[in-house]
Enquirer: 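Sharing a structure here in structure tokens format.
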Amino acid sequence: MQKLSILFFLFFYCSVIAQVSSNDVFKYLDLEFKGLETVKEFVEANDYSNAKKELLKYFQSRTTVKANFTPVDFPADISKANKNADNIFVMKNSEYDFGNEIDWTKIHDDKEWQFTICRMNWFNNFIGVYNKTKDEKYVDAWIKQISSWIELNDPGYPRTIDTGRRMDNLTSSYMMFVSELKSKSITPEFNAVLLASMVEQAEFLYQPENWRRYSNWGSFENNGFSKFAVLFPEFKRNKIWLKEIFFRMRVQLQNSFHGDGMHIEVSPSYHRHELYVWFEFIQLAELNNVKEPWSPQTYLPSFKDLFVPKALALMHLYKPTGFVPQVGDTDNSDKREVLYKIGKYYDVPELIYAATDGTEGKAPVNTSMSFSEGGYSILRSGWGDGGIPFGKELYMLFDTGTNKPWHAHYDMLNIVATAYGYDILKDPGRYTYNDGIERDN
């Protein structure tokens, strides 16, 4: 068995050096998988043209997996979609028109610009707009843009974290355009080459040297990898991927959070992001009856025990206005969806209450909390359950944490205060990830 594994890795390494082709998908597929019988017959007859046609039919009609998202869950900004379909992008407050084809290697003044474009986040908007309009130009743009990216022949481009996030968007858009909305623009050839590319990106992320387990990168590297692994069980390496992902989830949720539930990178948005990534994975896995494959000799915390204490810690960070304090690299954001989802899933009424301004659930008992490991002390006049509206309550956060690691700022002993729905003392937040005086100050 070990020799077979070594041979597979040697084969896979050699295959990813060459430009990915549509025929590669048949090397990666488990042709014994139920539903792929006709595909297997054509492959064995070396009739790859018909094999690709049958493969597309299979993915257009399969009912063996369930996504925890639908087309209506995605934004539908037609104006933005039209620009993006024409290869015009606004990112980090900067617009650029690529013309006929995107140059994925373009370097911008803000280094995050290139990283962001290689994540392909606008595909989510393509989904929402196509669902409303059924205009094939958005799918045509999706196909052309992905095809040009695949020509780079680098499954890890430009960084591992970008591959993880790109895989999230590729998986979601594939599920919607191919399986759910069944776009007529999808050709058997493109379907096959995209699947092959996604497998190669998944295998890239699987490699131990490409998993940064001691920062939020580790979670985001596994973001799209985990979604792809759950929703595409037809590939030979699927069970191996899933076993590794469950292991990584537990490592990340242990290494990225203090014992008091606060995130080690002292930035509330990263606290929220990591919880969201792994909770989405668990929710999707359970929806598809994917069980944790490990059989430990000692006790392992339940998934509820893994998620709820960290969600409750995040709950206390939120200001009465619904926004997280902009401590460290945190943008101004009212995203309490993860509190609501975890609260509903594990029946924690306090999380539901905090996520809905007190319109659902039950008010938390504690109004003042000290998180000694995370370095936050939080004072709150109430939770909107004592005569004062939820959003008008008083709130103060005292930051006694650290000026390290990367996502921290030089702002230890910082104070954030909110009163009667207004920010009285406000942290300016991230501003830039670029190295230099602008960030250091």
Side-chain angles (χ1 to χ4, degrees), residues 1-9 12 28-30 32-34 64-68 160-161 163-164 167-168 171 198-199 201-259 261 263-264 271 273-312 338 341-342 345-348:
M1 187 67 184
Q2 186 176 9
K3 288 182 179 179
L4 288 175
S5 297
I6 293 171
L7 286 172
F8 181 86
F9 277 119
F12 193 90
Y28 307 142
L29 277 170
D30 175 8
E32 303 300 325
F33 196 89
K34 186 177 180 180
T64 52
V65 299
K66 299 176 183 177
N68 56 351
T160 53
I161 189 173
T163 301
M167 279 289 283
D168 181 18
T171 302
M198 291 167 76
V199 170
Q201 291 178 72
E203 192 63 25
F204 171 85
L205 292 168
Y206 170 80
Q207 303 305 317
E209 65 270 22
N210 295 327
W211 172 37
R212 192 181 296 193
R213 66 199 70 187
Y214 298 113
S215 79
N216 70 86
W217 275 46
S219 291
F220 289 119
E221 286 158 358
N222 290 283
N223 187 19
F225 181 26
S226 60
K227 182 184 286 188
F228 179 73
V230 173
L231 294 176
F232 291 84
E234 295 85 358
F235 293 98
K236 294 176 183 176
R237 300 273 292 168
N238 180 264
K239 288 183 173 57
I240 294 173
W241 293 338
L242 286 169
K243 188 173 184 179
E244 178 69 9
I245 290 165
F246 273 99
F247 168 72
R248 291 182 182 185
M249 178 194 70
R250 290 189 175 276
V251 170
Q252 292 290 155
L253 290 177
Q254 179 177 342
N255 288 351
S256 294
F257 293 85
H258 294 294
H263 195 263
I264 62 170
H271 185 145
H273 292 344
E274 288 211 61
L275 269 186
Y276 190 87
V277 165
W278 290 116
F279 179 68
E280 285 287 288
F281 164 61
I282 287 301
Q283 200 174 33
L284 187 61
E286 293 188 356
L287 181 64
N288 286 279
N289 200 32
V290 175
K291 307 294 184 184
E292 185 170 19
W294 294 97
S295 299
Q297 292 178 311
T298 57
Y299 167 78
L300 282 179
S302 68
F303 295 145
K304 181 176 181 179
D305 290 339
L306 277 178
F307 285 99
V308 169
K310 299 168 182 66
L312 287 170
V338 69
K341 285 188 171 184
I342 292 176
Y345 205 72
Y346 294 119
D347 190 23
V348 186

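Every heavy atom of this structure was used, including side-chain atoms; hydrogens, water molecules and symmetry mates were not. None of the values given here were measured: they were computed from a predicted structure.
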Enquirer: Give, for atom NE2 of H273 and atom NE2 of H263, the distance between the pair rounded to the nearest 0.5 Å.
Expert: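 If I round to the nearest 0.5 Å, the distance is 10.0 Å.
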Enquirer: Cation-pi check, K310 to F257: give yes when NZ or CZ is under 6.0 Å from the six-membered ring centre and within 45° of the ring axis, no otherwise.
Expert: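 Ring-cation test returns yes.
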Enquirer: Hey, is the main chain of G218 close enough, under 3.5 Å, to the side chain of N222 for a donor-acceptor pair?
Expert: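 Yes, the answer is positive, given that a donor and an acceptor are paired below the 3.5 Å cut-off.
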Enquirer: Answer yes or no on whether R237 is positioned over the face of Y206, meaning its NZ or CZ is under 6.0 Å from the six-membered ring centre and within 45° of the axis.
Expert: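 Yes, cation above the ring, under 6.0 Å and within 45°.
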Enquirer: Could you go through S219 and E274, starting from their C-alpha distance and side-chain angles, then the distance that decides it, and tell me whether this counts as side-chain hydrogen bond (donor to acceptor under 3.5 Å, both in side chains)?
Expert: CA-CA 6 Å; S219 291; E274 288 211 61; 2.4 Å; yes
Enquirer: One pair to check against side chain to side chain contact (heavy atoms under 4.5 Å, CB included): L306 and W278. What are the steps and the verdict?
Expert: CA-CA 10 Å; L306 277 178; W278 290 116; over 6 Å; no
Enquirer: Enter the distance from L205:CG to I161:CD1 here, rounded to the nearest 0.5 Å.
Expert: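 Those atoms lie 11.0 Å apart.
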Enquirer: Which value, rounded to the nearest 0.5 Å, describes the distance between E221 atom CD and I245 atom CD1?
Expert: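 With rounding to 0.5 Å, CD (E221) is 12.0 Å from CD1 (I245).
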Enquirer: With the side chain counted from C-beta on, respond yes when T171 and F232 share a heavy-atom pair under 4.5 Å apart, and no when they do not.
Expert: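 A side-chain contact exists here, since the closest heavy-atom pair is under 4.5 Å.
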Enquirer: Rounded to the nearest 0.5 Å, what separates atom CG in N68 from atom CG in L287?
Expert: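 With rounding to 0.5 Å, CG (N68) is 6.5 Å from CG (L287).
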Enquirer: Going by atom types alone, do W211 and E244 pair a side-chain donor with an acceptor below 3.5 Å?
Expert: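 Distance-only check fails for W211 and E244.
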Enquirer: With side chain to side chain contact (heavy atoms under 4.5 Å, CB included) as the criterion, how do V65 and V230 come out once you've worked through the C-alpha distance, each side chain's angles and the decisive distance to 0.1 Å?
Expert: CA-CA 8 Å; V65 299; V230 173; over 6 Å; no
Enquirer: Please check: side-chain N/O of Q283 versus main-chain N/O of I342, any donor-acceptor pairing under 3.5 Å?
Expert: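 The answer is no, because no donor-acceptor pair under 3.5 Å joins these two groups.
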Enquirer: Tell me if a side-chain donor or acceptor on N210 pairs with a main-chain N or O of T160 at a distance below 3.5 Å.
Expert: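 Checked: no pair found.
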Enquirer: Between K236 and D30, is there a side-chain N and carboxylate O pair less than 4.0 Å apart?
Expert: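 Salt bridge absent between K236 and D30.
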Enquirer: Which distance, rounded to the nearest 0.5 Å, do you find between the CG of N288 and the OG1 of T64?
Expert: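 Here the rounded value is 8.5 Å.
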Enquirer: Does M249 reach the side chain of I282, with side-chain heavy atoms less than 4.5 Å apart?
Expert: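 Yes. Closest side-chain heavy atoms under 4.5 Å.
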Enquirer: Taking only residues two or more places apart in sequence, or in another chain, which ones meet F33 in a ring pair (Phe, Tyr, Trp, His ring centres under 6.0 Å)?
Expert: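 None.
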Enquirer: Can you list the steps and then say if N223 with Y276 is a side chain to side chain contact (heavy atoms under 4.5 Å, CB included)?
Expert: CA-CA 10 Å; N223 187 19; Y276 190 87; over 6 Å; no
Enquirer: Quick one: ring pair (Phe, Tyr, Trp, His ring centres under 6.0 Å) partners of Y345, sequence neighbours excluded?
Expert: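 So Y345 forms a ring pair (Phe, Tyr, Trp, His ring centres under 6.0 Å) with F279.
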Enquirer: Kindly state each residue pair satisfying salt bridge (Lys or Arg N to Asp or Glu O under 4.0 Å) with at least one member in residues 282-299, sequence neighbours excluded.
Expert: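 For residues 282-299: R250-E292.
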Enquirer: Run the salt-bridge test on K227 and E280 with the 4.0 Å N-O cut-off and return the result as yes or no.
Expert: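 Between E280 and K227 there is no salt bridge, as every charged N stays at least 4.0 Å from the carboxylate O atoms.
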Enquirer: Applying side chain to side chain contact (heavy atoms under 4.5 Å, CB included) to M167 and F225, what does each step give before you reach the verdict?
Expert: CA-CA 6 Å; M167 279 289 283; F225 181 26; 5.6 Å; no
Enquirer: Can you name the closest pair of heavy atoms from S256 and S215 and give their distance?
Expert: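 Scanning both residues completely, I find the closest heavy atoms to be OG-O, 4.4 Å.
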Enquirer: Drop me the distance from F220's CZ to T163's OG1, to the nearest 0.5 angstrom.
Expert: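 So the CZ of F220 and the OG1 of T163 are separated by 14.5 Å.
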Enquirer: Is the backbone N or O of A229 less than 3.5 Å from a side-chain atom of N238, with the two atoms forming a donor-acceptor pair by type?
Expert: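 Between the backbone of A229 and the side chain of N238 there is a qualifying donor-acceptor contact (under 3.5 Å).
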Enquirer: Please check if the side chain of W241 supplies one atom and the backbone of S226 the other of a donor-acceptor pair under 3.5 Å.
Expert: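 Side chain of W241 to backbone of S226, a donor-acceptor pair under 3.5 Å: no, none is there.
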